[in-house]
Amino acid sequence: MESRKTLDQDENTDLQVTYTHKDVAFFHLHQTHHFDEFEYSSDQHCKGDLFPKWHLPLKIASISSLLIFIYTFLRDVVHPFVTTNENTFYKIPILVVNKVLPVVSITLLALVYLPGILAAGFQLHYGTKYKRFPPWLNGWMLSRKQLGLLSFFFASMHACYSLCYPMRRSYRYKLLNWAYQQVKQKKENAWIEHDVWRMEIYVSLGILGLALLAILAVTSIPSVSHSLTWREFHYVQSKMGYLALLLCTIHALVFAWNKWVDVNQFVWYTPPTFMIAVFLPIIVLLCKSVLLLPCLRKKIQKIRCGWDANTEMNKTQMTSRL
Amino acid sequence: MESRKTLDQDEVQKPEPGRNTGNHKDSNTDLQVTYTHKDVAFFHLHQTHHFDEFEYSSDQHCKGDLFPKWHLPLKIASISSLLIFIYTFLRDVVHPFVTTNENTFYKIPILVVNKVLPVVSITLLALVYLPGILAAGFQLHYGTKYKRFPPWLNGWMLSRKQLGLLSFFFASMHACYSLCYPMRRSYRYKLLNWAYQQVKQKKENAWIEHDVWRMEIYVSLGILGLALLAILAVTSIPSVSHSLTWREFHYVQEEDPEDQMRLGC
């Protein structure tokens with residue numbers, strides 16, 4: 001969601017490229033003369049892309065959604081059907097979809113903060129902020145806002161899908177069957193303490209994570225972001241953003257609880273989806289905590305305040321010659 | 001959420017909702033103080049030259065506060081949250097533990113938190129409209145609108161938008177927490193235990209009519225109240241509030257909440 005500033009790079013020119021004279025003129029034309037496509041013949045009609053900045057994030061979201069859907073479908077539906085002839089196809093519309101949504105959401109959120117870490121590493125390596133980023137990193141940095149907004153969108157859908165679980169008929173019939181079993185077994189108390197704690201904690205963390213993501217999304221609204229100072233915008237997007245990523249990662253880890261060591265989770269020798277989900281966020285959070293170490297943090301601050309390792313070396317070379 | 005007008009003094013329809021016309025109080029200048037030449041210049045500098053903190057050395061860096069208008073509302077919200085949390089924790093967790101040795105610590109993450117959120121939310125919402133009432137009383141007492149408000153009342157009036165937005169934030173979180181109740185394992189296990197007890201007691205019908213009515217009504221009212229708060233919050237977005245006339249903005253911010261109060265928030 002942080003697109004107002006990427007880094008002090010030639011992205012300035014990249015950002016400026018998006019708003020050429022032609023685009024501004026076209027925009028004015030739209031607003032003042034109320035043109036529509038029927039005024040032009042089809043070959044005169046503007047050939048500009050629709051939502052150019054959203055192409056990369058949407059491609060990433062679509063491809064990962066498809067992959068996770070197929071993965072979850074094979075593990076949760078096909079595997080029981082093939083091994084024990086159990087029909088769990090009813091799980092597809094809500095349960096399988098609600099495994100895709102959080103995984104894609106947390107992956108997109110991690111992809112918002114990963115380029116910043118790569119950029120910091122790049123600057124540390126070259127000892128300067130004036131060296132141009134590679135084009136792929138530049139493009140990635142420019143899509144962070146869209147990646148973040150998509151992440152929030154998927155997270156909100158995940159919340160809605162999760163909240164609808166007890167509303168479904170499948171849950172009602174399961175509950176009645178469990179009640180019947182409990183009476184048959186004469187089991188007076190169904191309470192499992194650690195299971196209760198697990199769910200209370202991860203649901204609470206999930207809601208808090210979503211609340212932070214909502215604040216990030218609101219500050220992305222153009223009029224709201226323009227009413228903030230750069231320091232305020234950076235504080236929200238950077239500090240609260242990492243906090244949201246941390247809360248969502250802990251939410252996933254607490255959901256997992258002891259499933260890491262549960263053999264039944266490893267269907268057809270494949271890892272459960274939460275392991276795939278938390279892998280990238282944990283890498284991002286670890287790298288960020290490394291970059292927060294005083295020695296590295298001070299060096300990055302120096303570089304970003306204009307210190308250049310190359311000119312320092314040239315200076316010392318010149319003074320040594322004198 | 002109403003910071004564009006402090007008091008409804010001259011109900012003059014203005015083409016530019018951002019202006020304070022007809023308000024001759026020094027709160028006008030207070031509002032104007034927020035947008036000094038320095039701030040405007042700073043804002044322009046931000047927008048046109050793409051400055052960032054990396055250009056400055058740390059001692060040249062702007063020392064302005066972060067979110068100055070939010071300091072008072074956030075302090076009020078934090079302190080009341082903490083107090084209500086401790087109060088609820090003592091009553092709902094410590095008391096059963098101390099009296100009957102019953103372990104209800106599992107209630108802390110959701111049930112205790114979901115008692116804090118609505119209390120803080122409705123308190124903040126009341127604090128949005130209380131200064132207006134005090135200001136009206138002040139004006140009635142002195143019989144004039146030209147006498148300056150006390151500084152504490154002035155500051156309070158200027159924070160109403162932030163208080164209202166915080167109230168909506170807490171109310172939305174309260175809705176999420178409430179909606180997640182049936183999803184939890186604790187609820188599932190309780191339900192199964194109640195079913196077991198009911199079979200043991202051979203009780204055919206668990207229905208309690210007044211309990212059903214109570215919940216149906218208060219849940220419905222809660223959702224309607226949240227919907228109205230959402231409308232208030234949306235009209236606080238700068239681009240939206242600038243597209244409204246002052247009369248429209250005032251209607252939403254003043255008249256709608258009266259309907260809300262009637263809904264029994």
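Sequence lines set the chain letters: A, B, ... in the order given, protein chains first and strands last, and positions in each chain run from 1.
Contact of the A:Leu228 side chain with the B:Phe67 side chain is registered, since non-hydrogen atoms from C-beta on lie closer than 4.5 Å. Within the 4.5 Å cutoff, the side chain of B:Tyr196 has no heavy atoms near those of the A:Lys187 side chain. Taking 4.5 Å as the limit, every side-chain heavy atom of B:Arg185 sits out of range of all side-chain heavy atoms of A:Ile192. Inter-residue side-chain proximity for B:Met183 and A:Ser162 is flagged as met; some heavy-atom pair is nearer than 4.5 Å.
Within a 6.0 Å radius of CZ in B:Phe85, other residues, nucleotides and ligands contribute more than 12 heavy atoms. Dense packing is recorded around CD of A:Gln185, with more than 12 heavy atoms of other residues, nucleotides or ligands lying under 6.0 Å away. Within a 6.0 Å sphere centred on NZ of B:Lys107, other residues, nucleotides and ligands contribute more than 12 heavy atoms. Crowding of B:His71 atom NE2: a count of heavy atoms from other residues, nucleotides or ligands under 6.0 Å exceeding 12. Surrounding CZ of B:Arg91 are at most 12 heavy atoms belonging to other residues, nucleotides or ligands under 6.0 Å away.
Proximity to chain A (any heavy atom under 4.5 Å) is restricted, for B:Asn103, to the side chain, taken from C-beta onward. Heavy atoms of B:Phe169 lying under 4.5 Å from chain A belong exclusively to its side chain.
Nearest heavy-atom pair across A:Tyr171 and B:Pro182 is OH-O, 4.0 Å. Residues B:Cys176 and A:Leu163 approach most closely at O-CD2, 4.1 Å, considering heavy atoms. In terms of heavy-atom proximity, A:Gln182 sits nearest to B:Asn193 at NE2-OD1, 3.3 Å. Heavy-atom minimum distance, A:Val224 versus B:Ile237: CG2-CG2, 4.1 Å.
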**Request:** Walk me through it: do A:Trp178 and B:Tyr189 pass the test side chain to side chain contact (heavy atoms under 4.5 Å, CB included)?
**Result:** CA-CA 10 Å; A:Trp178 288 324; B:Tyr189 298 144; over 6 Å; no
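Contacts with chain B (heavy atom to heavy atom, under 4.5 Å) involve these residues of residues 193-207 of chain A, listed by number: A:Glu193, A:Asp195, A:Val196, A:Trp197, A:Arg198, A:Met199, A:Glu200, A:Ile201, A:Val203, A:Ser204, A:Ile207.
To the nearest 0.5 Å, the span separating CD on A:Gln181 from CG on B:Leu192 amounts to 11.0 Å. Rounding to the nearest 0.5 Å gives a distance of 10.0 Å between CG of A:Leu210 and CE of B:Met173.
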